[in-house]
Amino acid sequence: EISVETLFGDLYAMKRASPHERSKHFFITQHPFLLSPGCKRNLLQMESQLSQYKAMIGDLQLSESTMNITVEPFFNLEIERDSLVEQTLECIKQADPKDIRKRLKVSFKGEEGLDAGGVTKEF
């Protein structure tokens with residue numbers, strides 16, 4: 001079993017390598033068929049987290065008047081329980097593609113409370 005640190009190091013090096021470097025060097029993450037199911041799960045999770053982080057960082061906004069930096073790390077989805085699927089698909093269709101890569105935060109219209117993970121899991 002390959003450690004998460006080794007997988008991350010290989011993934012990071014592979015993503016930074018040029019196409020020419022990729023053809024000359026062996027990166028295990030370029031050949032997922034060689035990995036066990038557990039390693040593949042870890043690799044997919046790392047890639048997802050990296051993608052979410054990039055989407056969040058790419059959305060940094062600087063207010064020149066107040067010199068404040070704002071970041072929206074979540075893709076906020078506010079929907080009604082009665083039309084869950086329809087509203088979800090409509091929100092996704094209207095969203096900026098980079099926002100869809102952020103972590104999901106769900107709230108149901110007309111219901112109080114913060115999403116500490118429970119509402120998203122229920123969703």
Side-chain angles (χ1 to χ4, degrees):
E1 192 74 14
I2 301 171
S3 72
V4 173
E5 292 81 12
T6 302
L7 271 177
F8 180 77
D10 188 77
L11 177 65
Y12 183 76
M14 192 260 307
K15 295 273 186 187
R16 297 196 72 205
S18 69
H20 178 70
E21 289 173 322
R22 287 183 191 170
S23 68
K24 289 187 149 201
H25 299 287
F26 178 80
F27 297 102
I28 190 76
T29 50
Q30 268 188 305
H31 307 284
F33 59 89
L34 296 174
L35 301 173
S36 70
C39 283
K40 286 180 188 178
R41 182 195 66 237
N42 291 340
L43 181 61
L44 287 171
Q45 188 175 20
M46 276 188 282
E47 285 184 306
S48 174
Q49 289 172 343
L50 284 172
S51 178
Q52 290 173 356
Y53 182 73
K54 281 182 182 178
M56 182 183 73
I57 295 300
D59 205 23
L60 283 174
Q61 296 177 358
L62 173 65
S63 171
E64 293 181 22
S65 60
T66 61
M67 297 305 288
N68 286 334
I69 296 174
T70 57
V71 176
E72 181 51 57
F74 296 104
F75 175 57
N76 292 305
L77 190 59
E78 186 178 355
I79 54 175
E80 296 173 2
R81 285 185 187 269
D82 295 343
S83 53
L84 186 110
V85 174
E86 297 86 4
Q87 288 183 3
T88 299
L89 292 174
E90 190 60 36
C91 287
I92 290 172
K93 205 180 340 176
Q94 293 176 2
D96 189 331
K98 69 177 173 60
D99 290 338
I100 295 173
R101 296 191 172 171
K102 295 178 182 178
R103 292 192 67 178
L104 180 63
K105 186 174 183 181
V106 177
S107 61
F108 293 113
K109 292 180 182 175
E111 294 183 22
E112 292 293 323
L114 298 174
D115 182 8
V119 176
T120 299
K121 282 183 182 178
E122 181 184 353
F123 171 76

Any sub-3.5 Å donor-acceptor pair from [X]'s side-chain atoms to [Y]'s backbone N or O?
| X | Y | result |
| --- | --- | --- |
| Ser83 | Glu86 | no |
| Thr88 | Leu84 | yes |
| Glu78 | Phe108 | no |
| Arg22 | Met14 | yes |
| Asp99 | Phe75 | no |

Calculate, to the nearest 0.5 Å, the distance between atoms [atom1] and [atom2] belonging to [X] and [Y] respectively.
| X | Y | atom1 | atom2 | result |
| --- | --- | --- | --- | --- |
| Leu44 | Gln49 | CG | CD | 11.5 Å |
| Asp10 | His25 | CG | NE2 | 11.5 Å |
| Ser107 | Ile79 | OG | CD1 | 8.0 Å |
| Cys39 | Ile2 | SG | CD1 | 4.5 Å |

Shared hydrophobic cluster, Leu104 / Phe74 (ILVMFWY, side-chain heavy atoms < 4.5 Å)
no
Within a reach of under 6.0 Å around CZ of Phe27, are more than 12 heavy atoms found that belong to other residues, nucleotides or ligands?
yes
Is the count of non-hydrogen atoms from other residues, nucleotides or ligands lying under 6.0 Å from Lys109 atom NZ greater than 12?
yes
Between Glu47 and Lys15, does any side-chain N to carboxylate O distance fall below 4.0 Å?
yes
salt_bridge(Lys93, Glu90) N-O dist < 4.0 Å:
yes
Contacts of type side-chain contact (heavy atoms from CB on, under 4.5 Å), residue Phe26, not counting sequence neighbours:
Ile28, His31, Leu34
Residues two or more places apart in sequence or in another chain: which of them pass side-chain contact (heavy atoms from CB on, under 4.5 Å) with Arg41?
none
Chi angles and distances behind the side chain to side chain contact (heavy atoms under 4.5 Å, CB included) call for Asn42, Phe8:
CA-CA 9 Å; Asn42 291 340; Phe8 180 77; over 6 Å; no
Any side-chain heavy atom of Thr6 within less than 4.5 Å of one from Val4?
no
Identify the heavy atoms of Met46 and Leu7 that sit nearest to each other, and give their distance.
CE-CB, 3.3 Å
Please name the pair of heavy atoms, one in Thr29 and one in Pro32, separated by the smallest distance, quoted to 0.1 Å.
O-CD, 4.0 Å
Residues at least two apart in sequence or cross-chain that pass ring-ring contact (aromatic ring centres under 6.0 Å, His included) with His20, listed by chain then number, are none
